[in-house]
S.K.: 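I have a structure here, written as structure tokens, and I will follow up with some questions on it.
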Amino acid sequence: MLITKSKQASLYSQLLFNRTTIFSTSASSSFAPAAFSSRLNLNCPTHQQFFVPSCYSTAHNPVFPIQQCSFNPIFNSKDIVQSFKERLQLGNTEYLDRIFEILSAQHKVDDLALSQLGLRLTESLVRQVLYYGNSKNDIFSCLKFFDWAGRQHGFRHTRSTFHAIFKILSKAKLMRLLMDFLDNDMVFGFLNEKLGSFGFYSTLVIGYSVAGKPQLALQMFGKMRFQGFDLDYLGYHVLLNSLVEENCFDAVGSISRQISLRGFENHVTHCIVVKSLCKQKLLDEAKSYLRRVNLLGDGYLHGDAVGVLVTALCQNDQFDKAGQVVEEFRELGVLPIGPVYNVWLRNLVQAGKIDSALEFLQRKKSLECYVPEVFRYNALLWRLLKENRLTEACDLLMEMMEGGVSADKVTLNAALCFFCKAGMVDVAVDLYNSKSEFGFSASSMACNYLIDSLCKEGKIDEAYNMLRDCTEQGYFPGRRTFYILADAFCRESKLDIMTQLVLAALERNFMPSDSLYNKFISALCSAGRPKDGYLILNELNRMNIVATRTTYSNLIHGFIKLKKGDIAVRLLVEMQNKGHMVNRTLFRAVVCSLYDMENPEIQFFKLLEMQLSCHEPDCKIFNFFIDGAGHAKKPELARQVFEMMQRSGIEPNLRSDVLMLQSYLKSERISDAINFFDALRQRREIGSKLYETMVVGLCAVKKVNLGLHFFREFQSNGRFPTGECYEELIKLLCWNKEYKMVVHLIIDLEKAGRPVTSFIGNTLLLHSLRSLELYDSWVEVREVQKFPNLSVLGQLIGAFSGRIQMSHNINWEQVIELCFPLNLYTYNMLLRRLGMDKMDDACELFKKLCQKGFKPKGWTYNILVHGLHKHARTDETRRLADNMFRKCIGPNNSCTG
């Protein structure tokens with residue numbers, strides 16, 4: 001059973017902030033991490049229903065999605081941060097950071113700056129510096145330091161330091177550099193001078209072995225043996241390991257015998273031999289070898305050798321046998337079992353067997369007081385986070401603290417991610433802000449999580465500050481985080497920041513997706529900044545990235561709004577040159593924009609000539625310009641293009657004739673339209689499309705009588721006018737209150753067996769609400785009574801006009817569906833009608849239309865508000881109006897929620 005939030009907060013404070021309890025290493029401590037995490041209920045359904053899943057897949061980015069938990073007790077985040085400070089042991093690395101700061105400052109080593117550090121050069125210090133640099137992946141600085149140290153008075157490189165630099169070069173796969181290093185005559189001389197003949201040969205054997213060249217190492221080994229020198233313990237084992245790594249198994253037995261004869265054999269030898277057998281898939285032989293070693297006694301057997309066999313079994317998917325090996329050698333009691341347990345735990349985690357790993361860890365901890373190293377805990381912790389098992393992750397974090405396991409950088413980064421996933425972003429931010437006290441830098445994944453979480457909570461400014469701070473440390477967002485940031489910046493219109501983000505991405509050869517560019521450029525254009533969008537487009541062109549058609553379209557419309565028709569034309573041409581198709585709507589907008597420029601007609605024909613020179617002349621090009629001129633209400637220009645097309649030997653198609661006719665009608669050049677229509681009779685058969693254009697165009701300019709004339713002419717030719725003709729005529733006749741003519745048109749539809757469309761039905765309902773005359777005319781036209789199918793429509797008109805009293809139990813939707821299909825406009829009409837006397841029914845209808853998937857618009861909400869106000873339901877009116885205000889819904893705005 002879930003407990004209350006106040007109780008949760010109390011438990012949280014008691015368990016997490018009482019550090020004397022949590023961090024007590026006493027066996028008698030009563031703290032139970034599982035109990036704590038169970039009270040958090042991080043995985044419970046009640047909380048998970050509030051989790052917000054991540055919106056981008058990510059191929060790119062963090063391995064697991066961020067979720068936010070509804071659990072948000074009252075806590076002091078600084079106390080949690082302090083808890084981690086007390087358990088964090090990162091060591092003092094300030095002097096190491098200073099060394100690498102000097103090394104990376106310039107190409108040559110600053111001898112004076114390094115000397116002023118007062119370093120006491122020893123083999124141990126050099127190795128420490130090299131390993132630290134390797135962990136920072138700063139190979140060049142490691143080489144510079146190695147060279148500098150070798151030139152300092154009183155210090156000589158040892159085989160151990162050479163081995164360290166060889167391993168660094170090998171790990172970085174800089175084999176050519178390593179081989180050049182070994183083959184260089186100057187290095188030969190340096191080694192001979194510094195180490196003597198024995199050290200010279202021994203170091204080269206080690207170098208060639210580490211470089212993966214065991215054959216060369218064996219040749220060098222033969223030379224030194226010929227001169228009476230021999231390898232020491234380190235050299236023999238490095239050579240033996242190289243032979244195994246490069247699968248030179250024939251020589252492995254010989255070298256291992258040499259090691260045994262010289263008394264160098266120990267647990268390292270056993271590990272390498274077991275590895276050799278395992279690489280040859282001789283797993284049973286490896287197990288027998290370990291048993292023989294165990295029989296020898298004298299402490300020869302070591303857990304590392306058993307761990308090699310356990311790993312090999314796991315890699316061959318023999319987990320049952322691996323578990324048996326672990327238990328067998330545990331029961332023998334002849335070796336430190338901790339390293340074996342560590343290897344077994346690692347393999348379980350890597351294989352994704354998390355439940356088995358947790359069960360093993362808890363069992364061994366309770367029975368044998370086994371406590372893994374911190375990096376084993378870290379691996380298990382990250383795996384739990386990856387699988388969103390937050391309860392177990394919380395348990396593990398608390399267990400580490402309870403068991404006195406010192407956290408490291410990896411633990412801290414995992415904790416950051418945990419707090420983000422658990423919805424405790426404030427704690428994560430405070431922990432991150434304390435990094436200077438910890439002396440650590442957050443990992444890329446932790447930074448991704450922090451930024452993602454801040455964006456999810458709408459803290460865009462904090463997310464930007466976090467991004468800026470992380471970037472100073474060399475971080476750049478992962479692909480998924482980049483898109484979350486970009487989406488947030490565009491949504492919040494933080495376009496200057498977005499510009500910096502995109503440019504920074506391009507500098508790093510990070511290529512955002514086409515959809516992101518489109519979203520960004522669209523946001524710039526919406527903000528009235530198409531010029532900035534144009535700069536981004538030029539950057540894309542510079543990198544030979546082809547912007548999408550939508551991107552060009554947004555930019556063109558953006559410059560048209562700024563009355564920059566010349567740039568719109570330039571973009572249109574560039575868009576075509578990039579291979580994008582230009583539709584009629586976009587071309588029309590560009591042509592119309594020319595009339596905001598000086599000498600628009602010159603610009604118009606200049607663009608036409610450019611199009612004809614770049615493309616094969618056809619009707620489509622000419623039609624674009626006829627259409628654009630018509631919408632710009634320049635029918636004379638449209639006519640010139642029409643005649644130019646004819647002079648070019650291109651016969652105008654039906655589309656050309658329709659566009660030319662529309663250009664006259666849009667400009668209310670009625671006589672020219674009629675003359676052109678009559679001329680068309682001589683050239684082609686006048687079909688439905690041309691009649692429809694004439695009737696609809698005349699209705700649009702309120703010439704109802706002429707519209708009816710061509711409508712009747714259309715009918716007299718034995719054709720049936722299109723639905724749009726009826727719709728436009730009925731709409732215009734209703735506005736002119738010529739309702740009897742409307743009824744006759746409805747009868748025409750019925751005679752032809754054509755249905756009443758939603759547009760016509762909604763028009764009738766609208767005018768029924770406004771006037772009683774429509775229903776009166778319906779009754780007066782006796783002919784309508786001959787058509788039973790129209791009786792329901794007549795009753796519906798009567799009910800909306802108030803002439804007919806409908807039953808209280810009537811299902812209005814079913815009645816309307818008998819007459820015509822319902823759409824959102826129909827529901828708005830019905831809401832208005834119900835709001836007159838049945839407000840409760842109107843509210844129920846509103847719920848129903850939302851359930852059916854309709855998205856109410858501002859008009860819908862206004863109808864409800866006026867209805868509630870009319871019925872003096874003040875509280876409901878205020879609540880609905882406030883809801884509209886929160887959602888930014890006005891009379892003409894769509895619902896955003």
S.K.: Sub-3.5 Å donor-acceptor pair from the side chain of Ser791 to the main-chain atoms of Pro788, do we have one?
M.R.: yes
S.K.: Return yes when atom NZ of Lys731 has more than 12 non-hydrogen atoms of other residues, nucleotides or ligands closer than 6.0 Å, and no otherwise.
M.R.: no
S.K.: So Glu773 and Lys740, do their side chains get closer than 4.5 Å, heavy atoms only?
M.R.: no
S.K.: Could you pull out the closest heavy-atom pair between Met581 and Lys620, with the gap in Å?
M.R.: CE-NZ, 3.5 Å
S.K.: Heavy-atom distance under 4.5 Å between the side chains of Arg833 and Leu765, does that happen here?
M.R.: no
S.K.: For a 4.5 angstrom cut-off between non-hydrogen side-chain atoms, does Asp776 reach Arg803?
M.R.: yes
S.K.: Please tell me whether Phe604 and Phe625 form a close aromatic pair, meaning their ring centres lie under 6.0 Å apart.
M.R.: yes
S.K.: Rounded to the nearest 0.5 Å, what's the gap from OG on Ser593 to CZ on Arg588? Could you check?
M.R.: 13.5 Å
S.K.: Does some side-chain heavy atom of Lys606 sit less than 4.5 Å from a side-chain heavy atom of Val569?
M.R.: no
S.K.: Flag the pair Leu524 / Lys531 as yes when at least one side-chain heavy-atom distance between them is below 4.5 Å, and no otherwise.
M.R.: no
S.K.: So does Asn675 get a backbone contact from the side chain of Tyr664, meaning a donor-acceptor N/O pair under 3.5 Å?
M.R.: no
S.K.: Hey, could you give me the CD/CG distance between Glu685 and Leu680, rounded to the nearest 0.5 Å?
M.R.: 12.5 Å
S.K.: In terms of heavy-atom contacts, does NZ of Lys561 have more than 12 from other residues, nucleotides or ligands at under 6.0 Å?
M.R.: no
S.K.: Answer yes if the side chains of Glu727 and Thr757 hold a donor-acceptor pair under 3.5 Å, and no otherwise.
M.R.: yes
S.K.: Any chance the side chains of Gln576 and Gln611 put a donor and an acceptor closer than 3.5 Å?
M.R.: yes
S.K.: Would you say Thr548 and Thr551 are linked by a side-chain donor-acceptor pair, where the criterion is simply a distance under 3.5 Å?
M.R.: yes
S.K.: Side-chain contact, heavy-atom cut-off 4.5 Å: Leu665 with Val701?
M.R.: no
S.K.: Between Asp627 and Gln662, is there a side-chain donor-acceptor contact under 3.5 Å, judged purely by atom types and distance?
M.R.: no
S.K.: Please walk me through it: do Leu661 and Lys666 pass side chain to side chain contact (heavy atoms under 4.5 Å, CB included)?
M.R.: CA-CA 9 Å; Leu661 188 57; Lys666 288 179 188 297; over 6 Å; no
S.K.: When you measure from the side chain of Thr763 to the backbone of Phe759, do you find a donor-acceptor pair of N or O atoms at a distance under 3.5 Å?
M.R.: yes
S.K.: Rounded to the nearest 0.5 Å, what's the gap from OG on Ser522 to NZ on Lys519? Could you check?
M.R.: 10.0 Å
S.K.: What distance do Leu830 atom CG and Leu822 atom CG have between them, rounded to the nearest 0.5 Å?
M.R.: 7.5 Å
S.K.: Looking at Tyr726 versus Phe711, is the centre-to-centre ring distance below 6.0 Å?
M.R.: yes
S.K.: Donor-acceptor pair, Asn736 side chain versus Glu738 backbone, under 3.5 Å?
M.R.: no
S.K.: What are the two closest heavy atoms between Cys819 and Val792, and how far apart are they?
M.R.: SG-CG1, 3.6 Å
S.K.: Could you go through Phe559 and Asp566, starting from their C-alpha distance and side-chain angles, then the distance that decides it, and tell me whether this counts as side chain to side chain contact (heavy atoms under 4.5 Å, CB included)?
M.R.: CA-CA 9 Å; Phe559 280 108; Asp566 54 337; over 6 Å; no
S.K.: Please name the pair of heavy atoms, one in Arg683 and one in Pro652, separated by the smallest distance, quoted to 0.1 Å.
M.R.: NH1-O, 3.7 Å
S.K.: Pick out which of Leu818, Val815, Ile804 makes a side-chain contact (heavy atoms from CB on, under 4.5 Å) with Leu796.
M.R.: Val815
S.K.: If you look at every heavy atom in Leu831 and Ala842, which pair is closest and at what distance?
M.R.: CD2-O, 3.2 Å
S.K.: Could you walk me through whether Val582 and Val590 satisfy the side chain to side chain contact (heavy atoms under 4.5 Å, CB included) test, starting with their C-alpha distance in whole Å, then the side-chain angles of each, then the deciding distance to 0.1 Å, before giving a yes or no?
M.R.: CA-CA 11 Å; Val582 179; Val590 173; over 6 Å; no
S.K.: Could you give the distance from CD (Glu574) to CD1 (Ile567), rounded to the nearest 0.5 Å?
M.R.: 12.0 Å
S.K.: In terms of ring plane angle, is the pair Phe714 and Tyr691 parallel, tilted or perpendicular, where the classes change at 30° and 60°?
M.R.: parallel
S.K.: Report the distance from atom CG of Leu708 to atom CG of Leu698, rounding to the nearest 0.5 Å.
M.R.: 10.0 Å
S.K.: Applying ring-ring contact (aromatic ring centres under 6.0 Å, His included), can you list everything that pairs with Phe854, at least two apart in sequence or on another chain?
M.R.: Tyr827
S.K.: Should Leu607 and Leu594 count as side-chain neighbours, where that means a heavy-atom distance under 4.5 Å?
M.R.: yes
S.K.: Would Ile746 and Ile730 satisfy side chain to side chain contact (heavy atoms under 4.5 Å, CB included), going step by step from the backbone distance to the final call?
M.R.: CA-CA 9 Å; Ile746 299 295; Ile730 288 172; 3.8 Å; yes
S.K.: Given 3.5 Å as the limit, does a donor-acceptor pair link the side chain of Ser758 with the main chain of Pro821, or not?
M.R.: yes
S.K.: I'd like to know if the side chain of Arg639 reaches the main chain of Met660, judged simply by a donor and an acceptor atom lying under 3.5 Å from each other, with no hydrogens or angles considered.
M.R.: no
S.K.: Whether the Tyr595 and Glu601 side chains hold a donor-acceptor pair (N or O, under 3.5 Å, no angle test) is what I'd like checked.
M.R.: no
S.K.: Which atom pair, heavy atoms only, marks the closest approach of Tyr775 to Ser801?
M.R.: CB-OG, 3.7 Å
S.K.: Okay, side chain of Ser771, backbone of His767: is any donor-acceptor separation there less than 3.5 Å?
M.R.: no
S.K.: Backbone N or O of Ala547 within a donor-acceptor pair of the His580 side chain at under 3.5 Å?
M.R.: yes
S.K.: Is there a side-chain contact between Leu608 and Met644, using heavy atoms and a 4.5 Å cut-off?
M.R.: yes
S.K.: Quick check: closest heavy atoms across Leu562 and Pro530, and the distance to 0.1 Å?
M.R.: CD1-CG, 3.3 Å
S.K.: Is it true that a side-chain atom of Asn653 and a backbone atom of Ser656 form a donor plus acceptor pair closer than 3.5 Å?
M.R.: yes
S.K.: Could you tell me whether the side chains of Asn823 and Thr826 share a donor-acceptor contact shorter than 3.5 Å?
M.R.: yes
